[in-house]
Amino acid sequence: MPFLKRGNNHERIFSSEEYEALKIIKCLKKSGLALKEIKQFMQLVQTGDPTLRARFEIFSKQRENVEHEIEKLHEILRIINYKCWYYSNASEIGDEQKIKNLPLENIPEEFREIKENLSCN
């Protein structure tokens with residue numbers, strides 16, 4: 001951050017605007033935006049109002065990326081939930097084959113599609 005002020009002990013001193021910028025940088029970084037792109041975004045901010053549309057586009061695209069990632073994580077969670085059900089029941093009865101060979105109609109409905117799509121346990 002250009003022109004960052006430092007205190008007597010050389011500690012960084014942030015204005016409220018700089019602190020807000022740091023929060024945005026942290027958000028963008030956690031969302032998966034590359035540091036190079038974050039730097040470009042910060043340069044757009046410094047340029048001012050003529051870059052408002054470009055900044056909107058960055059956030060709009062990143063929102064789509066995050067939504068897509070959430071969808072993928074939901075699918076992963078569904079599989080993990082199925083496997084938790086599977087292993088919980090198998091360990092409860094002490095026989096994995098009985099759970100593995102359950103007819104589809106005896107598997108909770110929320111897991112049937114997952115069971116069909118998995119090739120192995």
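- Clustering ILVMFWY residues whenever any of their side-chain heavy atoms sit less than 4.5 angstrom apart, transitively, puts M42 in a cluster other than the one holding F56.
- Under a hydrophobic clustering in which Ile, Leu, Val, Met, Phe, Trp and Tyr are joined whenever their side-chain heavy atoms come within less than 4.5 Å, directly or via other members, L52 and L44 fall into different clusters.
- For the side-chain contact (heavy atoms from CB on, under 4.5 Å) test, residues two or more places apart in sequence or in another chain that qualify with E105 are P103.
- Residues passing the salt bridge (Lys or Arg N to Asp or Glu O under 4.0 Å) test with E57 are R53, sequence neighbours excluded.
- Side-chain contact between L102 and I99: present, with at least one pair of heavy atoms (C-beta onward) separated by less than 4.5 Å.
- Remark: Q43 CD to K39 NZ distance equals 5.5 Å, nearest 0.5 Å.
- With rounding to the nearest 0.5 Å, the separation of CG in N89 from CG in N106 is 11.5 Å.
- Of the possible donor and acceptor atoms, one in the side chain of K115 sits under 3.5 Å from a partner among the backbone N and O of K100.
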Apply side chain to side chain contact (heavy atoms under 4.5 Å, CB included) to residues I107 and L104 and explain how you reach the verdict. CA-CA 5 Å; I107 294 173; L104 208 52; 4.2 Å; yes
List, one per line, each side-chain donor-acceptor pair under 3.5 Å for residues 68-81, sequence neighbours excluded.
unit_1, atom_1, unit_2, atom_2, d
E69, OE1, K72, NZ, 3.3
E75, OE1, R78, NH1, 2.8
N81, ND2, L77, O, 3.4

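- Checked against side chain to side chain donor-acceptor pair (under 3.5 Å), T51 has the following partners two or more places apart in sequence or in another chain: R55.
- Rounded to the nearest 0.5 angstrom, E20 CD and E17 CD are separated by 7.5 Å.
- In the model, Y86 has a side-chain atom that pairs as donor or acceptor with a side-chain atom of E96 under 3.5 Å.
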Donor-acceptor list for residues 24-37 side chains, cut-off 3.5 Å, not counting sequence neighbours:
unit_1, atom_1, unit_2, atom_2, d
S31, OG, L28, O, 2.7
S31, OG, Q62, NE2, 3.1
E37, OE1, A34, N, 3.1

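- Partners of F41 according to the ring pair (Phe, Tyr, Trp, His ring centres under 6.0 Å) rule, which considers only residues two or more places apart in sequence or in another chain, are F59.
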